Amino acid sequence: MTAALALLFDFGLAALVLIVATWTLMTRETAAAAVGFVAYGLLLTLVWVRLAAPDVALTEAAIGSGVTGTLLLGAAARLRSTEAAAEAEQPGRAMRFVVALLCASVSAGIAGAILMLPDPAPTLAPQAMAALPSTGLGNAVTAVLLSYRAIDTLLETVVLVLALLGVWSLAPDRVWGGHPGPLISSNQERVLTFLAQLLPPFGILVAIHLFWIGADAPGGKFQAATILAAMWILAQRAGLVDAPPVSRRWLRLVVVAGPAVFLAVGFFGSATAGAFLAYPEGYAKPLIIAIEAALLPSLAAALALLVAGPPARTESR
Amino acid sequence: MTLALDILTVVAVSAGAFFFLAGTVGLLRFPDSLSRLHALTKADNLGLGLIVLGLLPRAGGVLGALKLIAVWAIAQFASAAVTQLLARAARTAEPPA
Amino acid sequence: MISSFEGTTASGFLLVLAIVAPFIGVLMSLALGGRAAERIALLLMPVGLGIALTIASGVWRSSAALLYVLGGWKPPLGVVLRADGLSAVMLVTTAILIGAAGLFARAEFQVPRGAPERRAPLMFWTLLLAVWGALNLVFLSSDLFNFYVALELLTFAAVPLVCLSGRAETLAAGLRYMLFALLGSVFYLLGVALLYGAYGVLDVGLLSSRIQPEPVVWVALSLMTAGLLAKTALFPLHLWLPPAHAGAPAAASAVLSALVVKGSFFLIVRLWFDVMPGRMPEAAAQLLGALGAAAILFGSVVALRQTRLKLLIAYSTVAQIGYLFFVFPLVIGSDVAHAWNGAAWTGGWMQLLSHAFAKAAMFLAAGLIAEAAGHDRTAELGGIGRALPISVIAFGLGGLSLMGVPPSGGFVAKWLLLTAAIEAGQWWWAIVMLAGGLLAGSYVFRVLGQLWRDVDEPLVLRTKVSPRREAIALALALCAVLLGFVSLEPAALLQIGRTHALEFVLR
Amino acid sequence: MAEFLLCAAVFIVATVAVGLLRLLRGPANTDRMMAAQLLGTSGIAALLLLAAATGESAPVDIAVALALLAAFSSVAFVTSASR
Amino acid sequence: MNGAALFGVIAAALVGLGLYGLIVHPQPLRKILSFNVLGSGVFLIFGVVARRGAGAGMGGDPVPQALVITGIVVAFSATALAVALLLRLFEETGRASLRSDLSGAGEKAGGNS
């Protein structure tokens, strides 16, 4: 009974995902497509729960749908005037048919490959579980991210820093060092101000909660950082706070601190535990938590600043 | 006692589900954006509220219950504000005929 | 399975340093800002070169790959870094070219003492370091997902370099580059997902011992190869390259054309020679060769029609990349017992190296010419040969190597590939190579003719060009030529670390 | 009891599936955003029911995050549209 | 058909859909959006692979799950950089098109994208 219900749920969910994705890609108006993408992200969150991947579900809810959706919604609104001109550039019907055929065959090939995957599936779950006690953690995903494959995570934080540098590098020279985003006056919308005052305390609590349980339960720094970033963006949008100028030393130190601490712990490991990014026996958990604590503000700042965009003005509020 | 709590769960969750249904029907059937928004608010407030109420006895501990209440509270405040914002956006999108 | 890893070798820690040092530079540059970025970059360049040379000599002396087990976790759970002969050669080349680009760029991206921080210099130096770190990761990692992270690092560092000037056409070029690169890496990642699903490992060594020729593998490898081809800009996926490479600052163009496109090519080689050694289907090898041939012919013909110097050089990159892909039909198609010592293998790598030096030299020379003349329209550059002889000679020497004129690195490369093609009985590639050489000759000499042309009124230079910068371009061009004099004995370095792969080929 | 809760979750997601017609039909993007908002709320409800049915706590945390971010998305929609 | 296989097929379809959008849509923003759908399909394949590898008391293999988390963050960074590029292009030219970007570059051939 329960299994049948679950399968029913899965089928319904899968159909919804497919319908919303198709509509999002095919609809005429880009702003509508961006709204569709937000809905699509919400549905994917449910899919990740069904795939027994709660850590990913949290990340998808926070980043995939939440912050990416914001980015796309904002860009679609800015670019509305260019929609009509782009329409004319669409390839002809025959061309689209050929492309559709090509994409369908790619899909078919991938689907075939997935269905042909061996059974029982090869897995690292037992090894990840067996090694878990030595990390002192209870969440195997966190152990993968910060111990077994810590190099990926370290470099990924560098990716975020590089993306931020890339976005900043797009600033016109005359406003270099200035504030990102447009100037927003405070008290423009009373409701918005109210929301931006009310939600962040909740957000900070939730972020701390997610961060804290991340060592042993689904959650962790990425998810917590995204929620913090979202709260900061909210306050910026409401005009409560201004995005800081990118030349501020403290801002740069916050962005850099996380990866820097990560690297430092890595080198500490090569001195004390025999390998770069290894943790000395018994000190794994505190060191991992130290890394995560340093990463949390760095990631939050980087994510929020990525959404805010390149420096655009020198005048502050 | 457990039976009473179970009954509470069943009743509240069913009522909550009903309000979700009502909200959805309203969202689909109502003629203009503002009345649709009204329907949405019903689902948001009452639907989620009743489900949270129904699940409270099964939350398993104070922290669990607190989390449930937090979900409801956040959704509540957010939806109140968002509804106003969306209403304003809807009014500017389609001015009254 | 784990026991098949011997663990970290002596001086393995250098592999970590080679990757991490540039990124430490990036973080410090951002934190300190202002003039610090340039100093940090210039300070790291000799350090990085030293690390690369030490790794190379370590590989050479021990005749075995260097290994470093990160975090003490051996595969399949953990990630190892591995430096074989190929990695060593690429590390050293990269360190030299990054250093040259850095020295060259000092004049352009210097911040005067006490001046406020400026955007372009800060970004140039940090991104140059980031490109370096990302390339070193590509060369040293031996984990499929870690490769993906490396590819993304490379994209995020390279795209902003393209748009550094902020002009509208470079923004469009950068956006197009970005979209191609993203599509490429997502396809690569798709293949990784399928391979992990089939074998449950990501490490190259473990995977190569488990992988079987079965449908899932073919789907995965073709998706990954297609994605990497888009990043390598192999015809017909080359559309993004010319505007991007032509629009970047000269020093950045040099790095992008000489090194960045080679990063994804390097991964294609890793896939087909390390993950799946000697098992590329004949048809796929011929297809890659055919695309390479098309790239040579198409790129060269379009280069011939260019009216701007930097675009011409960029299209010539499209053509020269084509030669690299002859490695697949020639190595896989030839007698397997000779495959690894085969002329094609050495020729392919020789082509990669000589093109890297020649192309860097040409972009730097073109940058100086454009700086001095204020534009790079070849028709209006008459007389520049008299004003900037060294730059034009550097350009010409690089061109000779592209054509394959003896005695240059390009000649040796093309000669080896040519003989391999004939020995393998695949004479059609030889015809394409000869035609490509002739076409390269036409576009190089056409431009040289325009640059040396005598004009009645002498060309007025906008700025003075420092002889030191001309010397850097010339030195790189000479390197490309001198590669032709190097005995091929060190080519054995390219074989080091291939032994476990060799067993598969010989079986 | 678990089955009842699961049934309720399935029911709510099914109603949302119908509600998503509003996303497809529009006409204004505000209507579409309302549909997304309703989807968010029902997703939260479904997650809470799922958590109660299975006894896991993770879905509740996801629901909390969703509640915060659903509001955030709507604000992003309104502020970007009004700019 | 179990849940993992079902979502595997859906993931393959999402990849195809995203690829189609990426090729066909002329507007860069739609291409970026399509890239995100394509990416989510790829991540779902990892999710399916992870689910199939459930064992040792875990609902899924934690390694691919961790890879997806890294992937989602990278995809977001890519989206942010691409959107910033696009908006700057729009500010500079008033257009948001990849077409005719070579008009000022004096190029005749090869611009047949």
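It should be emphasised that the depicted structure is a prediction, and the values quoted were computed from it without experimental measurement. Proteins come first, then strands; the chains are lettered A, B, ... in the order of their sequence lines, and each starts at number 1.
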Report task. Heavy-atom distances under 4.5 Å only: say whether Ala17(B) touches chain D with side chain, backbone, both or neither. Result ->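 When you check distances to chain D, atoms from both the backbone and side chain of Ala17(B) fall under 4.5 Å.
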Query - Shortest non-hydrogen separation from Arg29(B) to Arg22(D) and the atoms involved - result: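 Smallest heavy-atom distance, with atoms named: N-NH2, 4.5 Å.
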Requested in this report: Mind listing the closest non-hydrogen atom pair of Ala35(D) and Leu27(B) along with its distance?
Outcome: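 Minimum heavy-atom contact is CA-CD2, 3.9 Å.
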Query raised in the report: Picking from Ala65(D), Ala51(D), Ala45(D), Ser57(D), which has the most non-hydrogen pairs under 4.5 angstrom with chain B?
Result: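 Among the listed options, the one with the most contacts to chain B is Ala45(D).
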Report task. Could you tell me which non-hydrogen atom of Val64(D) sits nearest to which non-hydrogen atom of Lys67(B), and how far apart they are? Result ->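 The pair with the smallest heavy-atom distance is CG2-O, 4.4 Å.
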Query - From CG (Leu68(D)) to CD1 (Ile74(B)), nearest 0.5 Å - result: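 It comes to 4.0 Å.
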Query - Side chain, backbone, both or neither of Phe30(B) within contact of chain D (heavy atoms, under 4.5 Å) - result: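 Contact with chain D: backbone only.
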Requested in this report: Among the options Val60(D), Leu20(D), Leu48(D), pick out the one with the most heavy-atom pairs lying under 4.5 Å from chain B.
Outcome: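 The answer is Leu48(D).
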Query raised in the report: Looking at Ala67(D) and Ala75(B), what are the two nearest heavy atoms and their distance?
Result: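 Smallest heavy-atom distance, with atoms named: CB-N, 4.5 Å.
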**Report entry** Heavy-atom check, side chain of Leu85(B) versus side chain of Phe77(D), under 4.5 Å
**Finding:**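 Sidechains of Phe77(D) and Leu85(B): no contact.
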Query raised in the report: So how far is it from Thr24(B) OG1 to Leu38(D) CG, rounded to the nearest 0.5 Å?
Result: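 Answer rounded to 0.5 Å: 4.5 Å.
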Requested in this report: Would you mind telling me which of Leu55(B), Ile51(B), Thr9(B), Leu63(B) has the largest number of heavy-atom pairs within less than 4.5 Å of chain D?
Outcome: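 Going by pairs under 4.5 Å, I would pick Leu55(B).
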Report task. With a 4.5 angstrom heavy-atom cut-off, could you sort out which part of Leu49(D) is near chain B: side chain, backbone, both or neither? Result ->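 Contact with chain B: backbone and side chain both.
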Query - Minimum heavy-atom distance between Ser74(D) and Val82(B), given as atom pair plus value - result: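 Shortest heavy-atom separation between Ser74(D) and Val82(B) comes out as CB-CG1, 3.4 Å.
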Requested in this report: Might you point out which heavy atoms bring Ser14(B) and Phe4(D) nearest each other, and give the distance in Å?
Outcome: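 What the structure gives for the nearest pair is OG-CZ, 3.5 Å.
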Query raised in the report: Of all of Val25(B), Thr83(B), Val13(B), which one pairs up most often with chain D through heavy atoms under 4.5 Å apart?
Result: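 If we count pairs closer than 4.5 Å to chain D, Val13(B) comes out on top.
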